[in-house]
Amino acid sequence: MADHSETNNDFISWVSQRGTDSSVRPAVMLVAFEGWNDAGEAASDAVRAFADAWGAQLIAQLPADDYYDYQFSRPTVRRNVEGKRVVSWPTTHVYRSEIPDHQIDAVFVRGVEPTYRWQAFTAHVLGIAQEQNVQAIIFVGALLADVPHSRPIPTTLSSEEPHLRDMLDAQEATYEGPTGIIGVMSETATESSIPGISLWAAVPHYVGQSPSPKASLGLVKQIEHILHVTIDETELREFAEAWERGVDELAREDAEVAAYVKQLEEQQDATELPEASGESIAREFEQYLKRRDKNRRDNWGDAGSGEPLS
């Protein structure tokens, strides 16, 4: 069970009191997007865990054709429960549910980071937030970092709102540099008088492929702490333990990996891990762009016009 303090009760009361001018119950929004913001899909899986636990219902879907380049964010073909082949398009969905034992609701935004028209996309999502009486937004992300898989996954909490920083013992957001849709949306939300909280997990870069259940579990625990709630973590905890055993086995079979993990462990044990630096975020963004460009070349070859897809 997560360790909750009375301070977090203040956050729920604060959200509730801010939303009294609407006939719709006040809500807190949780946001996660697949893409650069979501190493190992840890953030998306964490937000999905709460939506599933609370039986969230779909309330909106953003039009995919307006925001996605299908040559980059590919649709997928699958069979539904009736055995019929259907196309699943990259998009963003919005869900809503009550938060058990609280006087506020949760609104969940889950989807794929848009390819273009970010300003219009952000305005669309924040418009939904205003309609849903959202009084605060928790932006959930994950990035690759030089951390060992065998230690607790580091998470950082930051906000531009001084009152929220004091309430949640969060840090001031100081990062400057390349950003993803979460950074854009966070800044725009602040300008629109919807306070935001940024929660990030550091995913070991040498096992950064999806899924990353240990990082998801770390994010889940932090969200539980913020909202003063608990959900059933049994399956996710078992998945995280199995994942860690699997990486341990990988390290035992590869001397270079084992030596590197030991080095990371010694570094983390010797010093307190600092917040992910602007340099590390910028480096990860550059690596993401390289992976994206490589995927495009693999899919389409080098015979095109040479102009990047926007």
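Model, not experiment: these values are computed from the prediction.
You'll find the side chain of I226 stays beyond 4.5 Å of the side chain of V28, heavy atoms only. The shortest side-chain heavy-atom distance between D45 and R48 falls under the 4.5 Å cut-off. With contacts defined as side-chain heavy-atom distances shorter than 4.5 Å, the pair S88/R78 qualifies. When side chains are defined from C-beta on, F239 counts as touching P211, because their heavy atoms get closer than 4.5 Å. When side chains are defined from C-beta on, I181 does not count as touching W36, because their heavy atoms never get closer than 4.5 Å.
The two atoms that bring E113 and G180 nearest to each other are OE2-CA, 3.5 Å, heavy atoms only. The nearest pair of heavy atoms linking Q103 to R25 is C-NH2, 3.6 Å. The nearest pair of heavy atoms linking L217 to R237 is CD2-CA, 4.1 Å. Across all their heavy atoms, L144 and H205 have their closest contact at CB-CB, 3.9 Å. Nearest heavy atom pair, residue P148 against residue V261, reads CB-O, 4.4 Å. When all heavy atoms of Q132 and V24 are compared, the closest pair comes out as O-CG1, 3.9 Å.
Ring pair Y67/H124 is perpendicular by interplanar angle, where above 60° counts as perpendicular and below 30° as parallel. Aromatic ring pairs are classed by plane angle as parallel below 30°, tilted from 30° to 60° and perpendicular above 60°; the pair W14 and H163 is tilted. Ring geometry, F121 versus Y68: the interplanar angle exceeds 60°, so the pair is classed perpendicular (tilted spans 30 to 60°).
At distances below 3.5 Å, at least one donor-acceptor pair connects side-chain atoms of T115 with backbone N or O atoms of D69. Judged by distance alone, the side chain of H102 and the main-chain N or O of V229 form no donor-acceptor pair under 3.5 Å. Remark: side-chain polar atoms of T190 are paired, donor with acceptor, to backbone N or O of S186 under 3.5 angstrom. In this structure a side-chain-to-backbone donor-acceptor pair under 3.5 Å is present from T91 to L62. A donor-acceptor contact shorter than 3.5 Å is absent between the side chain of E34 and the backbone of E41. The main-chain N or O of E161 is found under 3.5 Å from a side-chain atom of S159 such that the two form a donor-acceptor pair. Side-chain atoms of N37 do not come within 3.5 Å of backbone N or O of G141 as any donor-acceptor pair.
A continuous path of ILVMFWY side-chain contacts below 4.5 Å connects V184 to I137, so both sit in one hydrophobic cluster. Grouping the Ile, Leu, Val, Met, Phe, Trp and Tyr side chains by contacts below 4.5 angstrom, directly or via other members, places L58 with F108. Placement of V140 and I153 in two distinct hydrophobic clusters is found when ILVMFWY residues are connected by side-chain heavy-atom separations under 4.5 Å, directly or transitively. L143 and L264 fall into different hydrophobic clusters, where Ile, Leu, Val, Met, Phe, Trp and Tyr are joined by side-chain heavy atoms under 4.5 Å apart, directly or via other members. Hydrophobic clustering of Ile, Leu, Val, Met, Phe, Trp and Tyr side chains at less than 4.5 Å, counting indirect connections, unites W118 with Y70.
Taking CD1 of I223 as the reference point, atom OG1 of T155 lies at 10.0 Å (rounded to 0.5 Å). Here S22 contributes atom OG and E131 contributes atom CD; the two are 10.5 Å apart, rounded to the nearest 0.5 Å. Distance check, rounded to the nearest 0.5 Å: OG1 of T188 to CG of L126 gives 6.5 Å. Rounded to the nearest 0.5 angstrom, L157 CG and W200 CH2 are separated by 13.0 Å. Atom CD1 of I99 sits about 11.5 Å away from atom CD1 of I231, to the nearest 0.5 Å. The CZ atom of R18 sits 9.5 Å away from atom CG of N133, with the distance rounded to the nearest 0.5 Å.
Within 6.0 Å of OH in Y260 there are more than 12 heavy atoms belonging to other residues, nucleotides or ligands. Q61 CD: more than 12 foreign heavy atoms inside a 6.0 Å radius. Shown here is E256, whose CD atom has no more than 12 heavy atoms of other residues, nucleotides or ligands within 6.0 Å. Other residues, nucleotides and ligands contribute more than 12 heavy atoms inside 6.0 Å of the CG atom of N80.
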Q) Is there a side chain to side chain contact (heavy atoms under 4.5 Å, CB included) between L227 and I12 once you walk through the steps? A) CA-CA 7 Å; L227 298 181; I12 299 301; 4.2 Å; yes
Q: Show the numbers, then the answer: is there a side chain to side chain contact (heavy atoms under 4.5 Å, CB included) between I194 and Q130?
A: CA-CA 9 Å; I194 305 179; Q130 292 173 342; 4.1 Å; yes
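Contacts of H149 classified as side-chain hydrogen bond (donor to acceptor under 3.5 Å, both in side chains), with partners at least two apart in sequence or in another chain: Y206, D248.
Pairs engaging residues 193-216 under the salt bridge (Lys or Arg N to Asp or Glu O under 4.0 Å) rule: K214-E244 [sequence neighbours left out].
A salt bridge links R252 and E249; the closest N-O separation between the charged side-chain nitrogens and carboxylate oxygens is under 4.0 Å.
Of the listed residues (I182, V47, V112, D38), just one forms a side-chain contact (heavy atoms from CB on, under 4.5 Å) with F33, and that residue is I182.
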